[in-house]
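FYI, side chains are in, hydrogens and waters are out, and symmetry mates aren't considered; it's all heavy atoms of this structure. Residue numbers start from 1 in every chain, and the chains themselves are labelled A, B, ... in the order their sequence lines are given, proteins ahead of strands.
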Amino acid sequence: MAQDRYNPEQFESKWQTRWHDQNLFATREDESRKKFYTLDFFPYPSGTGLSVGHCRNYIPTDVLSRMKYMQGYNVLHPMGFDAFGLPAENEAIAKKTHPAIMIKKYAENYKRQLNLVGISFDWSRCFSSCDPSYYKWTQWIFKILYSKGLAYRKMSYVNWDPVEQTVLANEEVIGGRGWRSGALVEKKLIPQWYFKITAYGERLTNDLDKLNWPEGIKQMQKNWIGRREGVEFQLRLTMDTDPQLYLKVFTTRIDTMYGMTFCVLAPENPLVDDLIRLSEEDSFAEEMQKYRDQAAELSHQERLSDAREKTGVFTGFYVVHPITATKIPVWIADYVLADYGTGGVMCVPAHDIRDYEFATKFNIPIMQVIEDANGEQSELPFTSKEGVMVNSGPMNGLSVTEAAQKLEEWVIKREIGQKSVQYKFRDWLISRQRYWGCPIPMMYDEDGKEHPVPDEMLPVELPHVESYQPSGDGSSPLSRLDDFVNIEIDGKKYTRETDTMGGFACSSWYFLRFADPHNYKEAWDKDIINKWLPVDTYVGGAEHAVMHLLYARFWTKVLYDEGLVNFDEPFQTLHNQGMVLAKTPYREAKEGEKLDIGEDGIQLTFEEAAKLDKDDVFFKWEKMSKSKGNVVTPDEAVEKYGADALRVFELFVAPFEQNLQWSEEGIQGSVRFLNRIFKFISEFRHLHIINWRSLIDTVPPHSKSRKFRRFTHQTIQKVTDDINRFAFNTYISTLMVYLNNLQDGVKEVDLTKDDKAVQLALSEAMETLILLLSPAAPHSADELWESIGNTGFTYQKDWPTIIDKFLTNDAVTIAIQVNGKLRGTASVPNDISKENLLQVAKENEKVIPHIEGKEIIKEVVVPGKLVNLVVK
RNA sequence: GCCCAGGUGGUGGAAUGGUAGACACUGCGGACUUAAAAUCCGUUGGCCGCAAGGCCGUGCGAGUUCGACUCUCGCCCUGGGCACCA
């Protein structure tokens, strides 16, 4: 039955069933076509299911995928699940179930919800990171990294999350707290596996420039990687020893060398051992030892705390200033980090904030070596590089840049140092002391020597056990399973590595597997993967700027170097979607009531808010979340408004990158828009000429029919451009304008007359409207398509093509300005000459009063746009 | 402190150096209706004016330009990220 309004309950599930029965979204692999790979970030399927907030990225990528398919591309638009990891394990423990069982159920629910919204995923390519057929290859890649020396095990102090009872990578520690648990991280000394991501620092920084990513994300990665160019040089200790001892420092401000008045070693610097041993006075040795022990006690958070006053001890030793030969005292202080640079620094209190604080506190001399270039009084510490050298011997009077260059050359010539590049980021710690992760494919022989598990024994399967709670002592739950731990190969006994890999390992290559997901012989077929990758458009939240996105780039580069893929960046274009915010009720705090940190009111449930007086309740826009109780699920939204209305609303109401405010009124607007389309098509479908394409050029056009065709082709152009630019909000508004124009257009023609030219143009318009609507509202589009007598799915129809001659109008409205101020407009033929246009402008009755009796000193003519007359 | 992103009507936003406020939401007025919903029509940046029309207006202040929401410089505010990395 043909609809005359948007009745989603009558056709949306019908079309979904037909699409899936026909396997409509199976990936097309037609050799003659170009490819397009659209991907959403690998989601963790949470137990609460999707909210309309999550749909914020799935709907737009679906629109893009659908349009690209209609444009003739082979589109890869897959979905899978990031199933391993702590959230799943924690939830399973809380619910007293097994994560494998739980995750499977949750993934099914995600799939159901995504289908409910009509997302065009090729589900035949779906997998979870916890499938052995997938993680076999995660382990295989681990072994590649190991064979290249890019995976190694070492004993060191690590970030221990006491709530999650596992270690965390540096990227997972935010402001000294675990990124998920929010717990203050502690220090723990245990042997751990690392990936040597720092070996790729240079390329990970430089190659950002060739990516079409949001500038902010690129900048965040650059800052995180923290590439710094500087000079590393050695300072001789005044004490004669055999061998002679040197203190190595790294600096990015070699220009300030003359201003060095002390040096500081990190407490963990191995040179401190020598100093303690060689100390001639026991009191210095004792102080050093005591300070070092104290530093080891401090938590990561305490040590890095900004507010903390500087602490440190004098070692009793001195180094020689390489130029001035003055004695420079050596201190130990924990504001210097052992694992950055050389673990020791030259200190220039006059030009470094931290050194200044330290020198002030311990009464160390401060010597200014740079002055403000403008001769203004420069307050210390003076950290600007815009300055002139003073107190620097032959450097005096030079600029900072010149001095830096000269001193760098001097250091290199004297062979006491060289140029050096340092990175702020550290190697990626991958071990986790938890059960629910990909087992690390390593084992140890009876001498404790490490060996990779042989390929033919992969995957190292995660044993299915009932009890997998973390032990909390730094050992993995797997270490309790003797059957798992102890193995024998060719009569030799081995024990397995029992830590698992952090979840980010699993998500560092999933985008590769989608190209060839059912390959049981290898991780992927090279030809297939090189055909589909890199991902053309990748969409997800900005919170992964320095985690997933950095790790995935690193793995891709390693695989590229190994010749396993022929691209060295996985994601060409990246977009970050905004969040969906929902109104959350609050009330003012009463006297004596305590507020949570960062809150300016007491949060209410909607029930509580309904009971209070209206004036006592205020609303804030907050991210949809379970804890805020403001979640709207797609199930509810689809039930109440329909899938297409939900889709159109989310596309229309805010630009893709910006936050979206969820509102009932707003989504009603989308329902209204869809209703108007149904009504329009229903009213004029009796005029639809099925074979309009073959007839439209055989009937002589006239001005009215041409007008329809201009609307149509201008709309095709704008819509196509908008979707490509991720401007989905204007895509929808362009369709609204198109519909408004068509509705006005039909009022201007007499449709009772048998006017073929108009009927053909209207047929074209109706079909175009439906096809352009199809990516946004595919259910409605298919329903409408059928209602005008066509067959098949709009997804399989060609995207409308633009006919250039209809892009320009016969007449254009020209703005006429006098001195840049709009004074009038005029409608003129499109091809009017500049001279005639000027003539029209000067004769415009609204313009005349503004130019009369004045001298025109300049005439600016922009064809098709405006005329600007500059008068005096 | 450093690095990003942003600031436009009552609201969401549009406008990639060329008619600021498209398209919507809300409000107001009207039609239809016994009534309501739905729908349709009109109106909706501010000020002056009966009107024609005029003036002001894109966070603030300068600048470039015939012309600036858009570019440049300096501030202010909001949001996000990093933060003792020498």
Side-chain angles (χ1 to χ4, degrees), chain A residues 5 174-176 214-224 226-228 230 249-254 256 263-264 266 303-308 310 333-348 351-355 357-358 383 422-426 542-543 545-546 576 648-649 652-655 657-661 663-673 675-676 679 725 727 729-740 813-825 846 849 856-871:
Chain A
R5 54 177 298 162
I174 297 175
E215 275 315 308
I217 297 288
K218 289 205 252 185
Q219 205 56 51
M220 274 165 73
Q221 281 212 358
K222 271 189 191 168
N223 291 345
W224 183 261
R227 186 181 191 279
R228 291 284 187 282
V249 296
F250 169 75
T251 182
T252 54
R253 293 298 304 273
I254 193 72
T256 63
C263 284
V264 172
R303 174 145 174 197
L304 292 186
S305 167
D306 201 10
R308 228 177 114 240
K310 296 273 179 293
D334 66 3
Y335 79 90
V336 172
L337 305 175
D339 55 357
Y340 179 78
T342 59
V345 296
M346 70 168 214
C347 298
V348 185
H351 305 289
D352 181 278
I353 298 165
R354 298 146 305 183
D355 296 347
E357 281 174 19
F358 194 84
T383 55
Q422 297 293 329
Y423 296 92
K424 287 192 197 178
F425 78 153
R426 304 292 138 85
E543 67 275 9
V546 293
N576 298 126
V648 167
F649 173 68
F652 173 65
V653 80
E657 298 78 12
Q658 280 178 40
N659 291 345
L660 174 163
Q661 299 178 349
S663 84
E664 302 281 318
E665 290 98 3
I667 197 165
Q668 281 294 353
S670 301
V671 171
R672 218 169 291 158
F673 166 61
N675 269 331
R676 284 172 52 219
K679 215 176 138 194
R725 316 171 12 231
N729 54 334
T730 54
Y731 155 45
I732 300 298
S733 70
T734 303
L735 288 183
M736 290 173 170
V737 173
Y738 185 36
L739 179 64
N740 291 345
T813 305
I814 296 286
I816 306 164
Q817 301 180 334
V818 177
N819 288 346
K821 225 168 217 169
L822 182 72
R823 293 302 178 186
T825 58
K846 299 249 174 78
I856 297 178
I857 55 174
K858 188 158 187 168
E859 294 163 338
V860 181
V861 181
V862 184
K865 292 274 187 199
L866 59 68
V867 172
N868 188 12
L869 303 170
V870 185
V871 299

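- Across every strand in view, B:G42 sits in a pair with B:C28 that passes the Watson-Crick or G-U test at under 3.5 angstrom.
- Annotation: side chain of A:K846 is not in contact with side chain of A:T825 (no heavy-atom distance under 4.5 Å).
- A residue-by-residue look at A:K821 and A:K858 shows that A:K821 has its nearest nucleotide of RNA chain B further toward the 5' end.
- Comparing B:G27 with B:C3, their P atoms are spaced 46 Å from each other, to the whole Å.
- Rounded to whole Å, the separation between the P atoms of B:U44 and B:C23 comes to 12 Å.
- In this structure B:C69 sits in no base pair that meets the Watson-Crick or G-U test at under 3.5 Å.
- In A:I353, the CD1 atom is not crowded: 12 or fewer heavy atoms of neighbouring residues, nucleotides or ligands sit closer than 6.0 Å.
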Worksheet, complete the sentence: With B for base contact, S for sugar-phosphate-only contact and - for none (protein heavy atoms under 4.0 Å), nucleotides 5-24 of chain B reads -------BSSSB-BB--BBS
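- The nearest whole Å value for the distance from the CG atom in A:L337 to the C1' atom in B:C82 is 15 Å.
- With a cut-off of 3.5 Å on both pairing distances, B:A20 has no Watson-Crick or G-U wobble partner at all.
- Atom CG of A:N576 is separated from atom C1' of B:G79 by 15 Å (rounded to the nearest Å).
- Remark: A:R426 engages A:D339 in a salt bridge, criterion side-chain N to carboxylate O under 4.0 Å.
- Pairing for B:C60 goes to B:G74, judged as Watson-Crick or G-U wobble with the two contacts each under 3.5 Å.
- Spacing between B:G12 and B:U64 at atom P, rounded to whole Å, works out to 35 Å.
- Taking the P atom of each, B:C73 and B:G6 are spaced 15 Å apart, rounded to whole Å.
- Remark: C1' of B:C4 and CD of A:Q219 are 7 Å apart, rounded to the nearest angstrom.
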Item to complete: Decide yes or no on side chain to side chain contact (heavy atoms under 4.5 Å, CB included) for A:N675 and A:R5, but give the supporting numbers first.
Response: CA-CA 5 Å; A:N675 269 331; A:R5 54 177 298 162; 3.3 Å; yes
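- Atom C1' of B:G59 sits at a distance of 26 Å from the matching atom of B:C82, rounded to the whole Å.
- Within the shown strands, nothing qualifies as a pairing partner of B:G9 under the Watson-Crick or G-U definition with both distances less than 3.5 Å.
- As rounded to the nearest Å, B:A68 and B:G13 have P atoms that lie 26 Å from one another.
- Straight-line distance from the CD atom of A:Q422 to the P atom of B:A86: 9 Å, rounded to whole Å.
- Residue contacts for A:R227: at a heavy-atom cut-off of 4.0 Å it reaches no nucleic acid atom on any strand shown.
- If you measure from atom CD1 of A:I857 to atom C1' of B:G67, you get 13 Å, rounded to the nearest angstrom.
- Smallest separation of non-hydrogen atoms from A:V249 and A:M346: CG1-N, 3.5 Å.
- A:K846 has a side-chain polar atom (N or O) that falls below the 4.0 Å cut-off from OP1 or OP2 of B:G53.
- Pair assignment for B:G49: none, as no Watson-Crick or G-U wobble contacts are both less than 3.5 Å.
- Taking atom P in both B:G74 and B:C4, the straight-line distance is 12 Å, to the nearest Å.
- In B:G9 the O4'-C1'-N dihedral to the base is within 90° of 0, which defines a syn nucleotide.
- If you check B:G79 for Watson-Crick or wobble pairing at under 3.5 angstrom, you find it paired to B:C4.
- The distance between atom CG of A:L869 and atom P of B:U65, rounded to the nearest whole Å, is 20 Å.
- Within the 4.0 angstrom heavy-atom criterion, no nucleotide atom of any strand lies near A:K222.
- Summarising the geometry, the separation between CG on A:D334 and P on B:A86 is reported as 17 Å, rounded to the nearest angstrom.
- In this structure, B:A35 forms no base pair with any nucleotide, since neither Watson-Crick nor G-U wobble geometry is met with both distances under 3.5 Å.
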Item to complete: Could you walk me through whether A:V546 and A:F425 pass the side chain to side chain contact (heavy atoms under 4.5 Å, CB included) test, one step at a time?
Response: CA-CA 10 Å; A:V546 293; A:F425 78 153; over 6 Å; no
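- Judged by distance alone, with hydrogens and angles left aside, A:K310 brings a side-chain donor or acceptor within reach of the base of B:C84, the pair sitting under 3.5 Å.
- In this entry the distance linking NZ of A:K424 with C1' of B:A86 reads 10 Å, nearest Å.
- Within the 4.5 Å cutoff, the side chain of A:E859 has heavy atoms near those of the A:L869 side chain.
- Residues A:Y335 and A:E357 have side chains not in contact (no heavy-atom distance under 4.5 Å, counting atoms from C-beta outward).
- Taking atom C1' on both nucleotides, B:G21 is separated from B:G7 by 16 Å, rounded to a whole Å.
- Contact of the A:V348 side chain with the A:R253 side chain is not registered, since no non-hydrogen atoms from C-beta on lie closer than 4.5 Å.
- Comparing atom distances between the A:Y340 side chain and each of B:A86, B:C40, B:C3 picks out B:A86 as nearest.
- In this structure a side-chain-to-backbone donor-acceptor pair under 3.5 Å is missing from A:D352 to A:C347.
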